[in-house]
Amino acid sequence: MSENILKQCDDIRPGLLHSKGLKRAHELKKKQERSVIKPLRVLEDEKREAGLNAKLPESNKGFELLKKMGYKPGIGIGKSEAGPSNPLNIVKKSNRLGLGFANKTKQETPPPETSTDDFRARLKRKREMSDLKHTYSKLQRMCFVYDDSDLIGKPLYKWFWPDKGSSDSATDSNSDEDEEKKPEILDSLELERRNHCIGEYLREKYLYCQFCQSMFCDDNDMNKNCPGPTKEDHEETPCSVSPTSDSD
């Protein structure tokens, strides 16, 4: 065999590596082939996919039973042969979460959209609630002051007086029990009802108007100087008397 023909052939024999660079590259290639070990999960996925993609051989016992019952490959199942001709697909699930739970955790709930009108309405409700609480506390205090000056030892209703007023006249044991009680939570409707009841009580018994913030001498004085029993009456017509302090 001539030398020209030998030069045209590729040197594929690993034993004939004359240069150090080729030897080094060959050794690195061998090490890489030995070091490439697929993870167990990857091997399981590959075997699973290969098994699912492979058709059931006719030598399989289950396939033989299906053929005996009238099954023909490629034809739909059922008496009218209108059923599915392919087996059901398998959805792989590799985690321990419940069905559908993984999709729900990935969906981030968007923040609620708040418009300017909603923000203003929320601030308005908060301000109205604060005004109702302030009015309720003030009416309780005025009711206790006038009842105490009239030597009334017990309020008409328990919530007519503030908690401090009722605890002063109680014994030590009763005061300990009151401290353990949780504060009462009232909504806006209940506060409006209580404010109306205490206001009517002060107006009828002591001739005190919560909107004028003043105590009148008699009915004629109240009818003459007080615009009316409601807040709207005082908004239309201002009161002509000066307010009375709690200590008066």
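Quantities reported herein were computed from a predicted structural model and do not represent experimental measurements.
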K.L.:
Would you check if the side chain of D150 reaches a backbone N or O of Y146 as a donor-acceptor pair within less than 3.5 Å?
P.N.:
no
K.L.:
Quick one: closest heavy-atom pair of C212 and C209, and the distance?
P.N.:
N-SG, 3.3 Å
K.L.:
Considering non-hydrogen atoms only, spot the tightest contact between I152 and K205 and give its length.
P.N.:
CD1-CE, 3.6 Å
K.L.:
Can you get from Y157 to Y208 by hopping between Ile, Leu, Val, Met, Phe, Trp and Tyr side chains that sit under 4.5 Å apart?
P.N.:
yes
K.L.:
Could you pull out the closest heavy-atom pair between E192 and L132, with the gap in Å?
P.N.:
CG-CD2, 3.8 Å
K.L.:
Establish, from distance only, whether the side-chain atoms of D221 and N225 form a donor-acceptor pair under 3.5 Å.
P.N.:
yes
K.L.:
Show your working on side chain to side chain contact (heavy atoms under 4.5 Å, CB included) between I198 and Y136 and close with a plain yes or no.
P.N.:
CA-CA 9 Å; I198 300 177; Y136 178 56; 4.0 Å; yes
K.L.:
Is the shortest heavy-atom distance from the side chain of F144 to the side chain of P155 under 4.5 Å?
P.N.:
no
K.L.:
I need the D219 CG to E204 CD distance, nearest 0.5 Å.
P.N.:
10.5 Å
K.L.:
Counting C-beta onward and ignoring hydrogens, is there a side-chain heavy-atom pair between L65 and K61 closer than 4.5 Å?
P.N.:
no
K.L.:
What I want to find out is whether R194 reaches E190 closely enough, with some N-O distance under 4.0 Å, to be called a salt bridge.
P.N.:
yes
K.L.:
Starting from the C-alpha separation in whole Å, work towards a yes-or-no answer on side chain to side chain contact (heavy atoms under 4.5 Å, CB included) for K224 and N220.
P.N.:
CA-CA 6 Å; K224 181 180 178 181; N220 294 329; over 6 Å; no
K.L.:
Nearest 0.5 Å please: distance from the SG atom of C143 over to the CD atom of Q210.
P.N.:
11.5 Å
K.L.:
Compare every heavy atom of P162 with every heavy atom of R141, then report the nearest pair and how far apart it is.
P.N.:
N-CD, 4.1 Å
K.L.:
So, taking the atom named CG in L207 and the one named CE in M222, what distance separates them when rounded to the nearest 0.5 Å?
P.N.:
4.5 Å
K.L.:
Tell me if the CD atom of E235 is crowded by more than 12 foreign heavy atoms within 6.0 Å.
P.N.:
yes
K.L.:
State the NZ-CD distance between K133 and E128, to the nearest 0.5 angstrom.
P.N.:
13.5 Å
K.L.:
Restricting to non-hydrogen atoms, name the atom on P227 and the atom on T237 that form the minimum distance, rounded to 0.1 Å.
P.N.:
CG-O, 3.1 Å
K.L.:
Would you say that F63 contacts Y71 through its side chain, given a criterion of any heavy-atom pair below 4.5 Å between the two side chains?
P.N.:
yes
K.L.:
Please verify the inter-ring angle class for H234 with F211; under 30° counts as parallel, over 60° as perpendicular, anything in between as tilted.
P.N.:
tilted
K.L.:
Nearest 0.5 angstrom please: R125 CZ to L123 CG, how far?
P.N.:
9.5 Å
K.L.:
Does any N or O in the side chain of T135 come within less than 3.5 Å of the main-chain N or O of D131, such that one atom is a donor and the other an acceptor?
P.N.:
yes
K.L.:
Apply the test side chain to side chain contact (heavy atoms under 4.5 Å, CB included) to residues L202 and M215: give CA-CA distance (whole Å), side-chain angles for both, the deciding distance (0.1 Å), then the verdict.
P.N.:
CA-CA 9 Å; L202 293 173; M215 183 178 181; over 6 Å; no
K.L.:
Among side-chain atoms of Y201 and D147, is any donor-acceptor pair under 3.5 angstrom?
P.N.:
yes
K.L.:
Is there side-chain contact between K55 and P73, with at least one heavy-atom pair below 4.5 Å?
P.N.:
no
K.L.:
So M142 and Y206, side chain to side chain contact (heavy atoms under 4.5 Å, CB included) or not? Walk me through it.
P.N.:
CA-CA 10 Å; M142 295 303 299; Y206 300 108; over 6 Å; no
K.L.:
Ignoring hydrogens, what is the shortest heavy-atom contact between D45 and R48? Give both atom names and the distance.
P.N.:
OD1-NH1, 2.8 Å
K.L.:
Rounded to the nearest 0.5 Å, how far apart are OG of S188 and CZ of R193?
P.N.:
13.0 Å
K.L.:
Taking the side chain as C-beta and beyond, is there a heavy-atom pair between Q140 and F160 under 4.5 Å?
P.N.:
no
